[in-house]
Amino acid sequence: MLKHSGLPWRWAFALCALAILVLALMSAPPKVITTGWDKSNHALGFAVLMVLGSLAFSVKRVVLLVGLLAFGALIEVLQSFTCCRAADWGDLAADLVGLVVGWGVGRWVALDPRVKPEDDGRG
């Protein structure tokens, strides 16, 4: 049975965030880990982060969205300091699209009767 705010969800969230950070800062990310388009990679990664974050933490989704958008901005800033990557604010826009999609999926998951939220006051 799925449950919000469980330790496994926090681990999944942390590992996903770490994987996204590492892939974003690698000089040449593996070609097998791609959707085929850079912007959809960003959107998919941040949608997954939003869903996992919604399951892992008992915070309002708007707080999670702002925090994850800041994480995306940090990645772009860090990329500007690497030798082989460049900051692209279009990537941040793709992150935002993914976060909004993840928000919707998270709301849908929250409606699933098998999911037991710890806090009904989340947005």
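Since the model is a prediction, treat every value here as computed from it, not as a measurement.
- Interatomic distance, D91 CG to D38 CG, rounded to the nearest 0.5 Å: 4.5 Å.
- E76 contributes no side-chain N or O that, together with a main-chain N or O of L92, makes up a donor-acceptor pair within less than 3.5 Å.
- At least one side-chain heavy atom of W103 sits less than 4.5 Å from a side-chain heavy atom of V62.
- The ring-ring contact (aromatic ring centres under 6.0 Å, His included) analysis of residues 11-34, with sequence neighbours excluded, yields the pairs F13-F57.
- If you run side-chain contact (heavy atoms from CB on, under 4.5 Å) between M50 and each of L55, V100, L65, only L65 comes through.
- In this structure the side chain of F71 reaches within 4.5 angstrom of the side chain of L21, judged on heavy atoms.
- D88 places a side-chain heavy atom less than 4.5 Å from the side chain of K39.
- Atoms OG1 and CG, from T34 and L23 in turn, are 10.0 Å apart once rounded to the nearest 0.5 Å.
- In this structure, S54 and L64 have side chains that are in contact, with non-hydrogen atoms separated by less than 4.5 Å.
- Between D95 and L68, the closest side-chain pair of non-hydrogen atoms is not below 4.5 Å.
- Between A17 and L49 the shortest heavy-atom distance is N-CD2, 3.6 Å.
- The hydrophobic cluster containing L78 also contains F46, counting ILVMFWY residues as joined when their side-chain heavy atoms lie under 4.5 angstrom apart, directly or transitively.
- L52 CG to L15 CG: the interatomic distance, rounded to the nearest 0.5 Å, is 10.0 Å.
- Here the side chain of R85 pairs a donor or acceptor atom with the backbone of A24 at under 3.5 angstrom.
- Criterion: ILVMFWY side-chain heavy atoms under 4.5 Å apart, direct or through other members. Under it, W37 and L99 are not part of a common hydrophobic cluster.
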